[in-house]
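Data first, discussion second: the structure below is written as structure tokens.
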Amino acid sequence: MTLLGFLTVHYYVAPLNRLPRLHLSHHNTRRGDINDYNKSITEQSLTRNLSHLKSNEAILITKPKNNEVQYQSLTSEHINNTELVPPLILTSPSSYSKLNISSEIPDFDKLWKPPHNRNFVPCVNTTPSYTSPLESRGYLLVHTNGGLNQMRAGICDMVAIARIINATLVVPEFDKRSFWQDTSKFSDVFDEDHFINALSKDVKVIKKLPKGIDGLTKVVKHFKSYSGLSYYKNEIASMWDEYKVIRAAKSDSRLANNNLPPDIQKLRCRSCYEALRFSLKIKSMGQLLVDRMRSYGLYVALHLRFEKDMLAFSGCNHGLSAHEAAELRKIRKNTAYWKVKDIDGRVQRLKGYCPLTPKEVGIILTALGYSSNTPIYIAAGEIYGGEARLADLRSRFSMLMSKEKLATREELKPFLNHSTQMAALDYIVSVESDVFIPSYSGNMARAVEGHRRYLGHRKTISPDRKGIVRLIDKVGKGAEKDNRKVYERIIEIHRTRQGSPRRRKGPVSGTKGLERHRSEESFYENPLPDCLCQRDRT
């Protein structure tokens, strides 16, 4: 690969009044208001970024005295109402002018323009037959499981299930026993009062069981995965005759993706995109990170799922040392609730079941045409192998940012040691990005993609992992030597994988039973057609 040049880096704290503001919008279409979803977040911010470019350029390249990094910290006491600026890493004048933030650049549309949303807008209003919650027959307790986005989907399903079985839902308990050992409560991550009030016309939600009900009969129930309406109306609802408190032992994938009444599907969307609002401290810090990324112009959010837990769970070890592979095998063996222990990592990778490596993601971004100084936000926990693992990606893209680089340790202090809250910050920056690219189609990737579809089909590039690894392996073996042809092939296979509107995919042909349900596209990955309708062009 031809070396394009070296970037001179300057450190500077941008003046507060020169940072572009981007407010997270809360779309509430339930009241019948129709927002202008034709204007994407990219188009809204483009004009603002361009208007500041010329006036800011001379200031942004200024070098502080003695090369000292200057910043003000943001403490937890004033995190909710103060916007301060961390050190900004900016390129030299010649390099800065090359950033892809001008529509005059021929490749601008290809790189940044979102897909045409074909006038699809959220439609989550209830049908005329929808009624207020019926009299509660008992209490539904929920023990969520998994990380942030697995719990998030599970909570929304449990809201729908509570509606189906006429239950009073107790605010769900968070998983504190998983791999991450996070002690966060529901109210630490989400706005609890808003959650309760937003669902008041759908389901009665309370913060905890009332006092004096210890004598009520209780039961712990493992709801069957991907169950439909009849299962809950018959088998589960009939349990009220004997019990007054039902505890759902798990929350993930307990409700079918498809073939549910329209009002239940719309309730799932209202729960996910309207009722589950992040807590004030998370929303404020997330918005601050978005603003700081926006100070560089348009940016890519890369969900780089190359963390220890993911690699251990999936058995993927491509590019790892023998010692690292052995460590991951030991973790998988010792994690009791991970059922599959013996996994062939090579087979997994060739089937497209492994997260792309940082190097592979770098090749994709380069092939698609993103320049070496494209601002990239790394949405991830600790990358397995640390900074050394990012060397190949950084050699291609110099502006790799993260929450740890955009904020001071003091600012992040309230969220440290709470993986769920740190993941929530990544979620916000990813949803608000101009382009989102996940290296793996896990819970985070599916949740962000679904949310971006709901908000107007923002540009989301979903890598064809199976195609990519086979193509890259051919290059490694010398079968493909012309980089241009390889890049053209990468562009071609991703031409229709950029987040344009389409109906949710059904099950894979020939699959049966539980495997058939698992092969379906997740409801929260693509809420079309249930929660998105095509508005008349007139």
Side-chain angles (χ1 to χ4, degrees), residues 124 126-127 130 133-134 137-175 186 195 198-199 202-205 220-240 246-276 442-443 446-447 449-451 453-454 503-507 511 513-532:
V124 294
T126 59
T127 64
Y130 196 77
L134 300 178
R137 298 189 63 189
Y139 299 95
L140 177 61
L141 299 177
V142 178
H143 177 78
T144 59
N145 57 292
L148 169 69
N149 295 290
Q150 188 172 339
M151 291 193 293
R152 182 188 181 101
I155 290 168
C156 298
D157 282 355
M158 289 298 158
V159 168
I161 290 169
R163 169 83 188 189
I164 293 170
I165 65 176
N166 296 333
T168 294
L169 177 66
V170 181
V171 168
E173 302 171 11
F174 271 21
D175 187 353
F186 185 98
F195 178 73
L199 296 171
D202 305 294
V203 175
K204 184 177 180 181
V205 184
V220 176
K221 181 68 175 178
H222 285 262
F223 296 164
K224 292 181 181 179
S225 299
Y226 303 105
S227 294
L229 194 68
S230 61
Y231 170 79
Y232 287 105
K233 274 188 169 294
N234 299 324
E235 184 171 336
I236 301 302
S238 65
M239 297 176 69
W240 294 131
I246 299 175
R247 174 185 284 275
K250 284 189 173 183
S251 63
D252 64 314
S253 305
R254 301 299 118 175
L255 197 57
N257 291 307
N258 304 302
N259 301 317
L260 290 170
D263 276 323
I264 293 300
Q265 299 289 59
K266 293 177 186 297
L267 174 56
R268 295 168 90 178
C269 285
R270 290 199 301 275
S271 301
C272 191
Y273 306 124
E274 295 179 9
L276 276 182
N443 293 309
R446 289 194 291 267
E449 179 175 350
H451 204 155
R453 287 181 179 277
Y454 186 80
R503 293 177 68 91
R504 190 165 58 255
K505 296 176 183 177
T511 54
L514 192 59
E515 192 60 35
R516 182 174 177 82
H517 289 295
R518 285 175 175 164
S519 71
E520 296 174 335
E521 188 172 24
S522 166
F523 177 83
Y524 300 103
E525 184 176 1
N526 184 4
L528 193 157
D530 310 271
C531 303
L532 293 168

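With a 4.5 Å cut-off on side-chain heavy atoms, Val159 and Asp202 do not count as touching. A 4.5 Å side-chain heavy-atom check between Ser251 and His143 finds every atom pair outside the cut-off. Side-chain atoms of Met151 and Asp175, non-hydrogen and from C-beta on, do get closer than 4.5 Å to each other. In this structure, the side chains of Val142 and Leu169 come closer than 4.5 Å at one or more pairs of heavy atoms.
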Exercise for review: Mind running disulfide bond (SG atoms under 2.5 Å apart) on Cys531 and Cys269 for me, showing each step along the way?
Suggested key: CA-CA 7 Å; Cys531 303; Cys269 285; 2.0 Å; yes
Exercise for review: Show your reasoning for whether side chain to side chain contact (heavy atoms under 4.5 Å, CB included) applies to Phe174 and Ile155.
Suggested key: CA-CA 10 Å; Phe174 271 21; Ile155 290 168; 4.0 Å; yes
Review point. Between Asn443 and Tyr524, does a side-chain hydrogen bond (donor to acceptor under 3.5 Å, both in side chains) hold up when you go through it step by step?
Key: CA-CA 9 Å; Asn443 293 309; Tyr524 300 103; over 6 Å; no
Practice item. Apply the test side chain to side chain contact (heavy atoms under 4.5 Å, CB included) to residues Ile246 and Met239: give CA-CA distance (whole Å), side-chain angles for both, the deciding distance (0.1 Å), then the verdict. Key: CA-CA 8 Å; Ile246 299 175; Met239 297 176 69; 4.0 Å; yes
Practice item. Could you check Arg446 against Asn149 for side chain to side chain contact (heavy atoms under 4.5 Å, CB included), going step by step and ending with a plain yes or no? Key: CA-CA 9 Å; Arg446 289 194 291 267; Asn149 295 290; over 6 Å; no
Exercise for review: Begin with the C-alpha distance, continue with both residues' side-chain angles, and end with the deciding distance and a verdict on side chain to side chain contact (heavy atoms under 4.5 Å, CB included) for Tyr130 and Leu267.
Suggested key: CA-CA 11 Å; Tyr130 196 77; Leu267 174 56; 4.1 Å; yes
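The number of heavy atoms from other shown groups lying within 6.0 Å of CG (Asn259) does not exceed 12.
Remark: the backbone N or O of Tyr454 is not paired with any side-chain donor or acceptor of Tyr273 at under 3.5 angstrom. Put simply, the side chain of Asn257 never gets that close to the backbone of Ser522: no donor and acceptor are under 3.5 Å apart. A donor-acceptor pair under 3.5 Å is absent between the side-chain atoms of Trp240 and the main chain of Ala167, judged by distance alone. Looking only at distances, no side-chain donor or acceptor of Ser225 sits under 3.5 Å from a matching main-chain atom of Arg254. Side-chain atoms of Asp263 never come within 3.5 Å of backbone atoms of Thr126 as a donor-acceptor pair (strictly under, hydrogens ignored). In this structure, the side chain of Arg152 does not engage the main chain of Gln150 through any donor-acceptor pair within 3.5 Å.
Summarising the geometry of Gly450 relative to Pro527, their closest heavy-atom pair is O-CD, 3.9 Å, with the distance given to 0.1 Å. Of all heavy-atom pairs between Arg268 and Ala160, the closest is CG-CB, 3.9 Å. Between Arg137 and Ala237, the shortest heavy-atom distance links the atoms NH1-O, 3.6 Å. Shortest non-hydrogen contact noted between Val220 and Ala249 is CG1-CB, 3.9 Å. Of all the heavy atoms in Cys156 and Leu276, the pair that sits closest is SG-CD1, 3.7 Å.
Residue Leu260 holds its CG atom at 10.0 Å from OH of Tyr232, rounded to the nearest 0.5 Å. Rounded to the nearest 0.5 angstrom, Asn234 CG and Ile165 CD1 are separated by 12.5 Å. Note that CD1 of Ile264 is 4.5 Å distant from CD1 of Ile164, once rounded to the nearest 0.5 Å. Rounded to the nearest 0.5 Å, atoms CG (Leu140) and CZ (Arg247) are 10.0 Å apart. Taken from NZ in Lys221 to CD1 in Ile236, the straight-line distance is 5.0 Å, to the nearest 0.5 Å. Atom-to-atom distance recorded for Gln265:CD and Asn258:CG is 7.0 Å, nearest 0.5 angstrom.
Ring planes of Phe186 and Phe195: tilted class, angle from 30 to 60°. Taking the six-membered ring where tryptophan is involved, the planes of His517 and Tyr226 are essentially parallel, since the angle between them stays under 30° and well short of 60°.
Between Arg516 and Glu520, no side-chain nitrogen of the basic residue sits less than 4.0 Å from a carboxylate oxygen of the acidic one, so the salt-bridge criterion is not met.
The salt bridge (charged side-chain N to carboxylate O under 4.0 Å, His left out) with Asp530 is formed by just one residue from the set Arg504, Lys266, Arg270; it is Arg504.
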